[in-house]
Amino acid sequence: TGIMRKVNVKQSLVVPDDVELTVKARKVTVKGARGTLNKDFSHIQIDIRKEGNTVWVEKWFCNSREGSAVRSVCSHINNMITGVTSGYEYKMKFVYAHFPINSNISKDNKTLEVRNFIGEKVLRSVTVQDGCTVDRTENKDEIAIVGNDIQAVSISAAQISQCAIARHKDIRKFLDGIYVTEKNVIGQE
């Protein structure tokens, strides 16, 4: 018996009126009020076509694993549309037991410098991804990372989180760090 193959897997999504979406050779460009995002899907063997204000993502003669790429691509395009219309915001909190974590934001909200983590003298510096900015919020010991590309925002949050890890200590006791507390679409609470 062979692998069960599906003849056709397809999914569509509707493009809002205030968004301009173009598809050329599996390269998708989305323009909106907040800017432009590009994504290259040429590594996936699928058909992407635009008919009116609907985008169809389609794959022919595939097994279930190959067919799962269809929904993934739709989700990516949907995230791009949300990014250029609303944008994404990740909030992070400084958590410490004894030594307060000092932070400084420099280079026009592109770089976060972390000092006094568990009392260490080391200066930790993280530059956020292109298209993202980092800023303090009105709450104490909290920062917000804002951007249009959900992947860039989440990678920036991960890099900030990873810069402040208690190494060679009992992590059950040393819970100090910078943790993501909220993931929001801007304007939606």
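Geometrically, Lys50 does not engage Trp56 in a cation-pi contact defined by less than 6.0 Å to the ring centre and at most 45° from the axis.
At most 12 non-hydrogen atoms from other residues, nucleotides or ligands lie less than 6.0 angstrom from CG of Asp130. Heavy atoms of other residues, nucleotides or ligands lying less than 6.0 angstrom from NZ of Lys31 number 12 at most. The local environment of CG in Asp17 is sparse, with at most 12 non-hydrogen atoms from other residues, nucleotides or ligands closer than 6.0 Å.
Results of the side-chain contact (heavy atoms from CB on, under 4.5 Å) test with Tyr90 over Ile160, Ile150, Ile143 single out Ile150 as the only residue that passes. When Val84, Val15, Thr29, Leu13 are each tested for a side-chain contact (heavy atoms from CB on, under 4.5 Å) with Leu21, only one passes: Val15. A side-chain contact (heavy atoms from CB on, under 4.5 Å) with Met92 holds for exactly one of Leu112, Ile145, Val134, Thr181; it is Ile145.
Counting heavy atoms from C-beta outward, Lys93 and Lys140 have side chains that stay 4.5 Å or more apart. Contact annotation: the side chain of His76 approaches that of Lys39 to within less than 4.5 Å [non-hydrogen atoms, C-beta and beyond]. When side chains are defined from C-beta on, Val153 does not count as touching Ser156, because their heavy atoms never get closer than 4.5 Å.
Side-chain polar atoms of Gln11 and Lys59 form no donor-acceptor pair below 3.5 angstrom. In the model, Asp149 has no side-chain atom that pairs as donor or acceptor with a side-chain atom of Tyr88 under 3.5 Å. Between the side chains of Thr137 and Asn139, not a single donor N or O lies within less than 3.5 Å of an accepting N or O. No side-chain donor from either of Ser64 and Arg5 sits under 3.5 Å from a side-chain acceptor of the other.
Of all non-hydrogen atoms in Ile171 and Ala166, the two that sit nearest each other are CG2-O, 4.0 Å. Closest approach of Met80 to Asn38, counting heavy atoms only: CE-C, 4.0 Å. Of all heavy-atom pairs between Gly67 and Val9, the closest is O-CG1, 3.9 Å. Shown here for Phe41 and Ile77, the closest heavy-atom pair between the two residues is CE1-CG1, 4.1 Å. The shortest heavy-atom contact between Ser106 and Glu113 is OG-OE2, 3.8 Å. Minimum interatomic distance between Glu89 and Ala144 (heavy atoms only, all atoms of both residues): OE2-CB, 3.8 Å.
The CZ atom of Arg26 lies 8.5 Å from the CG atom of Asp40; values are rounded to the nearest 0.5 Å. Taken to the nearest 0.5 Å, the CG atom of Asn8 stands 4.0 Å off from the CH2 atom of Trp60. Here the straight-line distance linking atom SG of Cys132 with atom CD of Gln129 works out to 6.5 Å at 0.5 Å rounding. For the atom pair NZ (Lys121) and CG (Leu123), the distance works out to 12.5 Å, reported to the nearest 0.5 Å. Distance check: Lys10 NZ to Ile46 CD1 gives 14.5 Å after rounding to the nearest 0.5 Å. Within the model, atoms OG of Ser103 and CG of Asn116 stand 11.5 Å from one another, a figure rounded to the nearest 0.5 Å.
Under the 4.5 Å side-chain heavy-atom criterion for Ile, Leu, Val, Met, Phe, Trp and Tyr, Leu37 and Val185 are members of distinct hydrophobic clusters. No continuous path of hydrophobic side-chain contacts links Phe117 to Tyr179 [ILVMFWY only; heavy atoms under 4.5 Å]. Clustering ILVMFWY residues whenever any of their side-chain heavy atoms sit less than 4.5 angstrom apart, transitively, puts Val126 in the very cluster that holds Ile118.
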(request) Tell me, with the steps shown, if Ser86 and Arg34 meet side-chain hydrogen bond (donor to acceptor under 3.5 Å, both in side chains). (result) CA-CA 7 Å; Ser86 304; Arg34 287 178 60 95; over 6 Å; no
(message) Could you walk me through whether Asp141 and Tyr96 satisfy the side-chain hydrogen bond (donor to acceptor under 3.5 Å, both in side chains) test, starting with their C-alpha distance in whole Å, then the side-chain angles of each, then the deciding distance to 0.1 Å, before giving a yes or no?
(response) CA-CA 10 Å; Asp141 292 331; Tyr96 50 84; 2.7 Å; yes
(request) Just do the side-chain contact (heavy atoms from CB on, under 4.5 Å) check on Ile48 and Val73 with the steps written out, would you? (result) CA-CA 9 Å; Ile48 307 174; Val73 170; 4.1 Å; yes
(request) Would you sort out whether Val146 and Ile186 count as a side-chain contact (heavy atoms from CB on, under 4.5 Å), showing the intermediate values? (result) CA-CA 9 Å; Val146 176; Ile186 295 170; 3.6 Å; yes
(request) Would you sort out whether Ile105 and Arg136 count as a side-chain contact (heavy atoms from CB on, under 4.5 Å), showing the intermediate values? (result) CA-CA 8 Å; Ile105 294 166; Arg136 284 192 176 80; 4.0 Å; yes
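Side chain of Thr54 to backbone of Val14: no donor-acceptor contact under 3.5 angstrom is found. Of the possible donor and acceptor atoms, none in the side chain of Thr111 sits under 3.5 Å from a partner among the backbone N and O of Lys107. Side-chain atoms of Ser161 come within 3.5 Å of backbone N or O of Ile178 as a donor-acceptor pair.
The side-chain hydrogen bond (donor to acceptor under 3.5 Å, both in side chains) test applied to Asp135 returns Asn109, not counting sequence neighbours. Residues meeting the salt bridge (charged side-chain N to carboxylate O under 4.0 Å, His left out) test with Arg65, sequence neighbours left out: none. With sequence neighbours excluded, no residue satisfies salt bridge (charged side-chain N to carboxylate O under 4.0 Å, His left out) with Glu142.
Checked for salt-bridge contact, Arg115 and Glu120 miss the test: no charged N lies under 4.0 Å from a carboxylate O. A salt bridge between Lys110 and Asp108 is absent, with no side-chain N of the basic residue lying under 4.0 Å from a carboxylate O of the acidic one. By the 4.0 Å N-to-carboxylate-O rule, Arg49 lies close enough to Glu58 to be salt-bridged with it.
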